[in-house]
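Notes to accompany the following structure.
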Amino acid sequence: MMHSEMSRRRLLGLGVGLGAAATLTLAGCGGGDDKESTASGNGGKEYTGPKVDLNLWNGFTGGDGDIFKNLVEQFNTEHANIAVSVATYRWEDYYAKLPGAVSSGNGPDIAVMHMDQLATFAARGVITELDDVAKALELTDSDFAPTVWQGGLYRDKRYGIPLDMHPLGFYYNKAVMQSAGLDPNKPPLTKDEYTAALTELKKSGVQGFWVSPFQFTGGMTFYSLLHQWGGTLFDAEVAKATFNSDPAVEACTWLVDMIKQGHSPANVGQDADYLALKSGKNAFNWNGIWQINDLKKSADVQWGVAPLPQIGSRPAAWANSHNFTIVKQRSANANEVAGSKVFINWLSQHSLDWAAGGQVPARKAVREDAGFKALTEVGALAPELDYAAFPPAAPGIGEALLTFYQSFNEATLGKKSPKQALDDGAAKATKQLEDNRKKYGN
């Protein structure tokens, strides 16, 4: 598989690693003169004004981008008075480019954003409130998964309308399991089952679970396990890093022990854990939902996907979400704002087609649709919505999250003990959170 395509899929789940770059760029962006009324139009129910041309930015650079563009074309066909044009950038370029474009008056009307970026861009006045959209359309957390719906809030104001949820999933190679005497149709679901399966795989000469030291995917695995053990990355006020708590150390130690016990090689390269699953060198891989379509193209791989096994005391899975936002303009046009809200509502309602790109729809009615249930592999991860561990809504959070992942990297590579690595990282992240409160006025 080409490295560029692997990078694209990794960035699909991003947001967190891009926080630092976005924060630095945003520092000089005040969002221009805000003449806009967030109550313009009727909150997205309809638009009956003169024709408007809208620009939309996103980071869907792979096959999901084609699906997205097809949906936009369908919208344009159905709405003679609204024309949406799409500009697509790599996610890291997109987040770095957006603040300057808005500041210079060249920003888009609509922007797709990861959930963990909303607070940063809202704090800098780049995106506008969407409470009127939720109110006019009578949208509540009952229409979405509550975890996803709450993720669109910053300071009790709504800035994002969720489109989807993309979680970490549990992939397993059926052929490798069968060769080790395991039932290929019964993936391990608990800690005891997982340990027993790894023991049998080791007996057959297979290191069954490769632990990557990188954010993708070892860091996201640790993120999930930390929450499964009952820990949190930060306190309730996001003022102090808590990822060095006893549950966090226990979760990190469990992963490091996978290497010490011979279930994983040391120094696993970036994406090597996933490539090993495809080539039959390991049996289990915790990876993003975005890998489903790649595996479906791999006819020679016998594979399955399921929610993450519950290793700790409760279920939990790393997840992020794409949200629609409306960008503030130097000279706001109420018609363009109203048209943007109609588009956001329409695409949210038509997110079944988007699910085919490898995403769990945020909207409950779409998830309950027979068409979504027919998407067997994507649907297998939909239950994780109930216990998804999303990043907190705090400006500049990406810097502290990056420190969290770096701490895990040091522990996995044996540079420090899990406790020392997490203690050092938490101290650094707490200082970053303090700096962010000063920077963003929190």
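Everything numeric in this text was worked out from a predicted model, so none of it was measured.
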Notebook entry, point to check: Ignoring hydrogens and geometry, is there a side-chain-to-backbone donor-acceptor pair from Ser85 to Leu54 under 3.5 Å?
Noted result: yes
Next item on the list: Could you tell me whether the side chain of Asn58 and the main chain of Tyr94 form a donor-acceptor pair under 3.5 Å?
Entry: no
Check: Is a side-chain donor or acceptor of Thr325 paired with a backbone partner of Gly160 at a separation under 3.5 angstrom?
Finding: no
Margin query: Quick test of your reading: applying side chain to side chain donor-acceptor pair (under 3.5 Å), list the pairs with at least one residue in residues 225-239, sequence neighbours left out, ordered by first then second residue.
Written below: Trp229-Glu250, Thr232-Thr242
Item checked: Qualifying residues under ring-ring contact (aromatic ring centres under 6.0 Å, His included), relative to Phe404, sequence neighbours excluded -> Phe222, Phe243
Checklist line | Lys438 and Glu434 ion-paired at < 4.0 Å | finding: yes
Checklist line | Residue among Tyr274, Tyr194, Phe209 satisfying ring-ring contact (aromatic ring centres under 6.0 Å, His included) with Phe284 | finding: Tyr194
Note to self: Rounded at 0.5 Å granularity, tell me how far CG in Asp369 sits from CG in Leu352.
What the structure shows: 5.0 Å
Checklist line | Within-4.5 Å side-chain heavy-atom neighbours: Ser348 and Phe324 | finding: no
Notebook entry, point to check: Sequence neighbours excluded, which residues qualify as side chain to side chain contact (heavy atoms under 4.5 Å, CB included) partners of Leu385?
Noted result: Ala145, Val148, Met165, Val360, Arg367
Next item on the list: Find the distance between CG (Asp53) and CG (Asn81) and round it off to the nearest 0.5 Å.
Entry: 11.0 Å
Next item on the list: Would you confirm whether Asp109, through its side chain, and Asn55, through its main-chain N or O, come within 3.5 Å as a donor-acceptor pair?
Entry: yes
Notebook entry, point to check: For the residue pair Trp318 and His166, does the interplanar ring angle fall in the parallel (under 30°), tilted (30 to 60°) or perpendicular (over 60°) class?
Noted result: tilted
Check: Closest heavy-atom contact between Trp303 and Lys296?
Finding: CZ2-CG, 3.6 Å
Check: How about His322 and Trp91: are their ring centroids closer than 6.0 Å?
Finding: yes
Next item on the list: Test side-chain contact (heavy atoms from CB on, under 4.5 Å) on Val126 and Gln117 and set out the steps.
Entry: CA-CA 11 Å; Val126 173; Gln117 295 294 322; over 6 Å; no
Check: Under 4.5 Å between any side-chain heavy atoms of Phe121 and Val102, yes or no?
Finding: no
Next item on the list: Check step by step if side-chain contact (heavy atoms from CB on, under 4.5 Å) holds for Phe75 and Leu347.
Entry: CA-CA 8 Å; Phe75 173 86; Leu347 196 54; over 6 Å; no
Item checked: With Tyr159 via ring-ring contact (aromatic ring centres under 6.0 Å, His included) - residues at least two apart -> none
Checklist line | Main-chain N/O of Phe216 paired to Gln270 side chain as donor or acceptor, under 3.5 Å | finding: yes
Note to self: So which atom in Ile397 and which in Asn436 form the shortest heavy-atom distance, rounded to 0.1 Å?
What the structure shows: N-ND2, 4.3 Å
Margin query: Going by side chain to side chain donor-acceptor pair (under 3.5 Å), Trp354 matches just one of Asp164, Asn70, Asp64. Which one?
Written below: Asp164
Check: Between the main-chain N or O of Gly396 and the side-chain N or O of Thr120, is there a donor-acceptor pair closer than 3.5 Å?
Finding: yes
Checklist line | Gap separating the CG atom of Asn320 from the CG atom of Leu168, nearest 0.5 angstrom | finding: 11.5 Å
Checklist line | Residue pair Ser321 / Asn323, side-chain donor-acceptor N/O under 3.5 Å | finding: yes
Considering only distance and modelled atom types, tabulate donor-acceptor pairs under 3.5 Å from the side chains of residues 171-178, sequence neighbours left out.
from	atom 1	to	atom 2	distance (Å)
Tyr171	OH	Gly288	O	2.6
Asn173	OD1	Ala175	N	3.1
Asn173	OD1	Val176	N	3.1
Asn173	ND2	Leu277	O	2.8

Notebook entry, point to check: Ignoring hydrogens and geometry, is there a side-chain-to-backbone donor-acceptor pair from Asn106 to Ala101 under 3.5 Å?
Noted result: no
Notebook entry, point to check: If you measure from CD1 on Ile292 to CD on Glu377, what distance do you get to the nearest 0.5 Å?
Noted result: 6.5 Å
Notebook entry, point to check: Given side chains that start at C-beta, do those of Thr217 and Asp273 come closer than 4.5 Å, heavy atoms only?
Noted result: yes
Checklist line | Nearest-0.5 Å distance that lies between atom CD in Gln432 and atom NZ in Lys439 | finding: 9.5 Å
Checklist line | Atom of Asn287, atom of Trp290 and distance for their closest heavy-atom approach | finding: OD1-NE1, 4.0 Å
Next item on the list: Among residues two or more places apart or on two chains, list those pairs meeting side chain to side chain donor-acceptor pair (under 3.5 Å) that have a residue in residues 133-147.
Entry: Thr140-Ser142
Checklist line | Closest heavy-atom pair and its distance - Val378, Phe372 | finding: CG1-CE1, 3.8 Å
Next item on the list: Could you check if a side-chain atom of Phe343 sits within less than 4.5 angstrom of a side-chain atom of Tyr47, using non-hydrogen atoms only?
Entry: no
Notebook entry, point to check: Do the non-hydrogen side-chain atoms of Thr88 and Phe68 ever get within less than 4.5 Å of each other?
Noted result: no
Item checked: Check: Gly357 main-chain N/O paired with Asn293 side-chain donor or acceptor under 3.5 Å -> yes
Note to self: Under a 3.5 Å distance rule, please check whether Glu384 uses its side chain to pair with a backbone N or O of Leu308 as donor and acceptor.
What the structure shows: yes
Notebook entry, point to check: Are Tyr440 and Arg124 close enough, and set up right, to give a side-chain contact (heavy atoms from CB on, under 4.5 Å), and what steps lead you there?
Noted result: CA-CA 8 Å; Tyr440 293 101; Arg124 289 299 175 186; 3.3 Å; yes
Notebook entry, point to check: Between Arg158 and Trp149, is there a donor-acceptor pair closer than 3.5 Å when you use the side chain of the first and the backbone of the second?
Noted result: yes
Note to self: Is there a side-chain contact between Ile110 and Trp57 in this structure, where contact means two heavy atoms from C-beta onward sitting under 4.5 Å apart?
What the structure shows: no
Next item on the list: Looking only at non-hydrogen atoms, find the nearest pair between Pro309 and Pro188 and report the distance.
Entry: CG-O, 3.5 Å
Notebook entry, point to check: Quick one: does Leu98's side chain get under 4.5 Å of Pro108's, heavy atoms only?
Noted result: yes
Check: Does the side chain of Ile344 reach to within under 4.5 Å of the side chain of Ile326, using non-hydrogen atoms?
Finding: yes
Notebook entry, point to check: Which atoms form the tightest heavy-atom contact between Leu433 and Ala400, and what is the distance?
Noted result: CD2-CB, 3.9 Å
Item checked: Evaluation steps, side-chain contact (heavy atoms from CB on, under 4.5 Å), between Lys364 and Phe144 -> CA-CA 5 Å; Lys364 182 179 179 181; Phe144 298 84; over 6 Å; no
Notebook entry, point to check: CD/Gln329 to OG1/Thr128 distance, rounded to the nearest 0.5 angstrom?
Noted result: 10.0 Å
